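These figures come from a predicted structure and were not determined experimentally. Throughout, numbering of the chain's residues begins at 1 and tracks the sequence.
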Amino acid sequence: MHIRLLFVSPDDASLDLLQSIHNSAIDLMCFTTSTAKVKSRDELFARVEQKSDDVVLVDWPMAEAETPHLVEELLEINPTLRVVVLLPMNYRQYRQQVWNAGACNSIPKELMEQEWFSSIICVMHRAMEREARLRAEYEGRMAPVSECRLVNA
């Protein structure tokens, strides 16, 4: 399984940091990833509507105090999306709010490093594998009505 990551920040330096952490974590992951970057809400929503990404890492400055609402909006459009929020160290009170909004995880941006990054992406990868197996099993059990045969009819 391949994971498509989207880094979201209005700041080039933050996007570069995320890419750098990703690049240093590649050797710690046993699957492939690809990355894309966006700097605006319009670009973000266009990608989410197209279902272009599996995991979105949202930097706090993208929506600031409205970040929990942004998470809700993204998940309304694409409920299978995984959202991770990068919070400023001094705004930890938002951890519960972004969790309640549907984010898979959040971390103070100042604490993010390659080991954490690879761990959280690996957990999401495993969850996505299991969901895909469950979906396939469920769809296999749900044969179309036209394929069902009545016995003793």
Side-chain angles (χ1 to χ4, degrees), residues 1-89 91-92 94-142:
M1 179 177 278
H2 176 84
I3 294 188
R4 302 165 300 165
L5 302 166
L6 179 63
F7 302 143
V8 181
S9 180
D11 174 46
D12 285 326
S14 293
L15 291 172
D16 291 344
L17 172 66
L18 290 168
Q19 188 65 55
S20 174
I21 290 171
H22 169 264
N23 292 347
S24 65
I26 287 174
D27 293 336
L28 301 173
M29 298 183 280
C30 55
F31 49 87
T32 60
T33 61
S34 58
T35 61
K37 303 173 189 176
V38 297
K39 293 177 64 173
S40 74
R41 289 174 69 103
D42 289 342
E43 291 175 295
L44 170 59
F45 281 99
R47 289 188 66 91
V48 171
E49 287 171 3
Q50 295 169 3
K51 298 188 175 173
S52 301
D53 308 289
D54 303 306
V55 178
V56 175
L57 284 90
V58 179
D59 194 11
W60 176 260
M62 199 67 193
E64 296 182 342
E66 292 299 313
T67 299
H69 181 65
L70 176 63
V71 171
E72 290 173 342
E73 288 180 288
L74 297 175
L75 293 174
E76 266 182 38
I77 297 167
N78 182 356
T80 64
L81 191 64
R82 272 97 174 137
V83 180
V84 176
V85 177
L86 309 175
L87 299 170
M89 183 77 91
Y91 287 1
R92 286 183 163 203
Y94 284 94
R95 285 190 86 160
Q96 185 69 44
Q97 291 180 33
V98 297
W99 174 261
N100 291 344
C104 292
N105 205 322
S106 64
I107 186 171
K109 188 171 163 182
E110 298 85 352
L111 299 179
M112 195 173 68
E113 45 79 39
Q114 72 179 19
E115 193 69 37
W116 175 87
F117 182 85
S118 66
S119 294
I120 199 67
I121 300 302
C122 286
V123 167
M124 289 184 195
H125 178 269
R126 185 62 71 201
M128 291 166 66
E129 282 181 330
R130 289 184 178 145
E131 288 169 10
R133 280 196 303 270
L134 288 171
R135 222 177 277 113
E137 183 179 320
Y138 177 76
E139 289 169 359
R141 289 182 182 172
M142 298 297 295

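- Side-chain contact between L44 and V56 is present, with heavy atoms from C-beta onward closer than 4.5 Å.
- Of all heavy-atom pairs between P68 and A101, the closest is O-CB, 3.2 Å.
- Summarising the geometry, atom CG belonging to L6 is positioned 10.0 Å from atom OG belonging to S34; distances are rounded to the nearest 0.5 Å.
- Within the structure, every pair that satisfies the salt bridge (charged side-chain N to carboxylate O under 4.0 Å, His left out) test and touches residues 14-29, not counting sequence neighbours, is listed here: D16-K37.
- Between R41 and E66 no salt bridge is recorded (no basic side-chain N to carboxylate O distance below 4.0 Å).
- Across all non-hydrogen atoms, the minimal contact from K51 to I77 is CE-O, 4.4 Å.
- For the atom pair OG of S14 and CE of M62, the computed distance is 11.5 Å after rounding to the nearest 0.5 Å.
- Under the 4.0 Å criterion applied to side-chain N and carboxylate O atoms, D53 and R4 are not assigned as salt-bridge partners.
- The closest side-chain heavy-atom distance from E115 to L28 is below 4.5 Å.
- The CD1 atom of I3 sits 8.0 Å away from the CE atom of M29 when rounded to the nearest 0.5 Å.
- Separating the CG atom in L87 from the CD atom in E64 is a distance of 12.0 Å, to the nearest 0.5 Å.
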Stepwise side-chain contact (heavy atoms from CB on, under 4.5 Å) test for H2 and D54:
CA-CA 9 Å; H2 176 84; D54 303 306; 5.5 Å; no
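- Expressed to the nearest 0.5 Å, how far OG of S118 lies from CD of E113 amounts to 7.5 Å.
- More than 12 non-hydrogen atoms from other residues, nucleotides or ligands lie less than 6.0 angstrom from CZ of F45.
- When all heavy atoms of V71 and A103 are compared, the closest pair comes out as CG1-N, 3.6 Å.
- Taken from CG in D12 to CG in L17, the straight-line distance is 12.5 Å, to the nearest 0.5 Å.
- Applying the side chain to side chain contact (heavy atoms under 4.5 Å, CB included) criterion to S52, with sequence neighbours excluded, gives R47, Q50.
- When all heavy atoms of F117 and I21 are compared, the closest pair comes out as CB-CG2, 3.6 Å.
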Under 3.5 Å, sequence neighbours excluded: what are the donor-acceptor pairs made by side chains of residues 120-129?
unit_1	atom_1	unit_2	atom_2	d
R126	NH1	E129	OE1	2.5

W116 and I107: CA distance, side-chain angles, deciding distance, side-chain contact (heavy atoms from CB on, under 4.5 Å) verdict
CA-CA 9 Å; W116 175 87; I107 186 171; 3.5 Å; yes
